[in-house]
Protein chains: 2
Amino acid sequence: MIKRTKGVTISQVAEAAGVARSSVSRAFTRPDMLSPETVERIMKAAEAMGYVPNHTARALSTGRHGNIGLIVPDIANPFFPPMIQAAQLEADRSDFCIFLGNTEENPKQEDKLVGRFAGQVEGLVLASSRLSDERIRAHAGKLPLVLINRDLDGIPRVLIDSGSGVREAVEHLVKLGHRKIAYVSGPSTSWSNKQRRSAMRAAASGLGVAVETVPAVLPSYNSGRNAVGAILATGATAAVAFDDLTAQGVLAGLAEKSISVPLDFSVIGCDDVLGAVTYPALTSVSNRSMEAGRVAVFLLLDMLQSRAVRDVRYVLETHLVMRETTALQSKN
Amino acid sequence: MIKRTKGVTISQVAEAAGVARSSVSRAFTRPDMLSPETVERIMKAAEAMGYVPNHTARALSTGRHGNIGLIVPDIANPFFPPMIQAAQLEADRSDFCIFLGNTEENPKQEDKLVGRFAGQVEGLVLASSRLSDERIRAHAGKLPLVLINRDLDGIPRVLIDSGSGVREAVEHLVKLGHRKIAYVSGPSTSWSNKQRRSAMRAAASGLGVAVETVPAVLPSYNSGRNAVGAILATGATAAVAFDDLTAQGVLAGLAEKSISVPLDFSVIGCDDVLGAVTYPALTSVSNRSMEAGRVAVFLLLDMLQSRAVRDVRYVLETHLVMRETTALQSKN
DNA sequence: GAGTTCCATGCAACCGGTTGCATGTCAAGT
DNA sequence: ACTTGACATGCAACCGGTTGCATGGAACTC
């Protein structure tokens, strides 16, 4: 049976050191206000007693808790972990802790989490939020907010411009001789999906080739696999998928039909989350999710320090990462 | 420029409703102590003013914050996100929030995070901790702790027994005719690695076949790829890798040498994190990390409620998931 | 109708810090 | 020697809730 020691308080330290409570407090927060000897005496007493400042009490009186919240729609989607990791690292540099929320792609859950986080965090980063514009603005009225992959003016936001990478993807395919390309789409409410689809169309029409959109509802392996029939029905010789998971599904679906990649068909993914760890290595559009996480936290901390909301719109461009699932269009 | 509304307090609600502060407090925490009419009046006033209880103040006076911390060595390792997700879901059922910490596989960082979390969480889950036994025990003396994949008696722990799955893997390979099997190992400090390696040896010697351990330092794609030379040098006809990432690397390395899988060589991964989303589908040992996350949080919440530390040792067995990277040993 | 019980509510202390202001001390300035 | 100011420290209010105990009135008992 383990017994827990309960906390030493500032009063106990004060008594031990023979000073007022306020002096102990200042020894920790603003030692320059006290004489060096007093500080040392207090610190020694504190150390001896194992005193650790109570975070909650401090937060109550200062209003600062040193926490920020990060809410994502789906941790299990490999797009997010690197972002979370980078956000954490950046927060850590300023001694902030991260509260993580997972919404399961559910706006209700997201709303609930925001409510529960508010009050114990000083600010929030919403990544790929599934909330309505109104809800987001409502929340932004209550606490500092930074968005990732959501474009609402007046609210600081970091946008990963997958458009630039998708454009490169189309150009690359066209250069390889493809004249009809399928786009296997993602969730219709997703900002990224809209962005990618319109970038596909714009690039294709600029180059005089055709794009056919094949719906896939959810970004997942199975969606991609199931979409293969529809893809082939369009007569396309290459496909760009909404994300790498979907692209892997497409790869599997093609293999089942004995269509060889890249000889007979070229496939490109997005977000580059699996490309480097699978075989054959998937050609994909880079994601920059790590930068996004880092920058979002940076912006948030900056807002907190300056107490001002700047209308920042930080755009990260993406590029095509060429690997082994694209090749010259052979037949016809 | 957005302006933020600052919080409504219990005193303001009390005044508006014409009652004492304590009554407002009770209306929210123990409404049965008040007459229904009073509760309704208070609630109406609170609603009208947009009152939300201050989490920090409540935590200060009750000592309960409704948060638990979850610390993992590497979010980017696909083994952990499902675990985090499941933990979050379980915590949510009891209205707890999750603090997430990422240690970058660094014990120092882990210690630091534990220190920073303590004081704002009521308990902690340490997954695959890289801390020394002493440090873990020291922390467990200060706050409720549950371990995942770490076996320290006296401290509640959830263990994923990959041994059972690895045993099945070896049996499967032997049944397919393999007589010499390589084990591509993971980090030497890892509890799971030790467990898997010894399960390999035990199973192999029980069946009268040989196991050769090939070191791979880090669990990663590149480690696996680089290990291929050493694997082939042992004369093995099949390999079991420490995890799926490593296994994918092995797959890639074999492909580079034009060794076809599974015709010429069989490969099995562990943790089953990539098997279902890649092509060819990887045969792997199931991970049960979701159950582990769920159970760990469940145990922790149970400890918090009962205020007792039980010496729980919860073991989750794993199994072989057969897919397409294993086949009958052909040559020789 | 006096005594007892019970329930709803208020009072005030408390959780553990922070901080504006007052006070006391000591040295420098004239 | 007296003023002035700087500096170190203490006092007490405050952050926003919770909770043990006291109180007062209504209902119930005999």
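Here is how names work: the chains are called A, B, and so on, in the same order as the sequence lines, proteins then strands, and each is numbered from 1.
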- request: Select base, sugar-phosphate, or nothing to describe what Val19(B) touches, counting heavy atoms under 4.0 Å on all strands.
  value: sugar-phosphate
task: Could you say whether Thr56(A) or Arg64(A) is positioned toward the 5' end of DNA chain C, judged by the nucleotide with the nearest heavy atom to each?
output: Thr56(A)
message: If I take atom CZ in residue Arg41(A) and atom C1' in nucleotide dG10(D), what distance separates them, rounded to the nearest angstrom?
response: 13 Å
query: Base, sugar-phosphate alone, or nothing: which one does Thr29(A) contact when heavy atoms must sit under 4.0 Å apart?
result: sugar-phosphate
query: Counting side-chain heavy atoms from CB outward, which of dT9(D), dG17(D), dT18(C) is closest to Leu34(A)?
result: dT9(D)
message: Rounded to whole Å, how long is the line connecting atom CZ of Arg30(B) with atom C1' of dA8(C)?
response: 13 Å
message: Using a heavy-atom cut-off of 4.0 Å across all strands, would you classify Phe28(B) as base, sugar-phosphate, or nothing?
response: nothing
query: Separation of Met33(B) atom CE from dC6(C) atom C1', in whole Å?
result: 13 Å
message: Looking at Phe28(B), I want to see if its CZ is surrounded by more than 12 non-hydrogen atoms of other residues, nucleotides or ligands under 6.0 Å.
response: yes
Ser23(B) vs Ser61(B), nearer the 5' end of DNA chain C by closest nucleotide: Ser23(B)
query: Which nucleotide, dT19(D), dT9(C), dG16(D), lies nearest any side-chain atom of Asn54(B)?
result: dG16(D)
query: Between the side-chain atoms of Arg21(B) and the base atoms of dG17(D), is any donor-acceptor pair under 3.5 Å?
result: yes
field: Whole-Å gap separating C1' (dA8(D)) and CD1 (Ile42(A))
entry: 11 Å
query: Has Ser11(B) got a side-chain N or O lying under 4.0 Å from the OP1 or OP2 atom of dG16(D)?
result: no
- prompt: If you check the Leu60(B) side chain, which of dA13(D), dG17(D), dG16(D) turns out closest?
  reply: dG16(D)
message: Quick one: does any side-chain atom of Arg58(B) pair with a main-chain N or O of Thr56(B) as donor and acceptor, under 3.5 Å?
response: no
task: Quick one: label Ser25(A) by what it contacts on the DNA or RNA (base, sugar-phosphate, nothing), any heavy atom closer than 4.0 Å.
output: base
query: So what does Thr38(A) hit on the nucleic acid, given a heavy-atom distance under 4.0 Å: a base, only sugar-phosphate, or nothing?
result: sugar-phosphate
- request: Before accepting this row, confirm whether a basic side-chain N of the pair Arg130(A)/Asp74(A) lies closer than 4.0 Å to the acidic partner's carboxylate O.
  value: no
query: Roughly, in whole Å, what's the span from CG in Asp32(A) to P in dA6(D)?
result: 17 Å
message: Rounded to whole Å, please give me the gap between CD1 in Ile10(B) and P in dC11(C).
response: 14 Å
- prompt: Is there a side-chain polar atom (N or O) of Ser35(B) under 4.0 Å from OP1 or OP2 of dT9(C)?
  reply: yes
statement: Whichever of Tyr51(B) and Arg26(B) has the more 5' nearest nucleotide on DNA chain D, that residue is Tyr51(B)
task: Would you check if the side chain of Asn54(A) reaches a backbone N or O of Ala57(A) as a donor-acceptor pair within less than 3.5 Å?
output: yes
- prompt: Do you see a donor-acceptor pair shorter than 3.5 Å between the side chains of Glu104(A) and Asn102(A)?
  reply: yes
- request: To the nearest Å, give me how far apart CD (Gln12(B)) and C1' (dC14(D)) are.
  value: 15 Å
message: Can you tell whether the side chains of Arg313(A) and Asp153(A) come within less than 4.0 Å, N to carboxylate O?
response: no
message: Just to be sure I understand the rule, does Ser22(B) reach a base, reach only the sugar-phosphate, or reach nothing, if contact means heavy atoms closer than 4.0 Å?
response: base
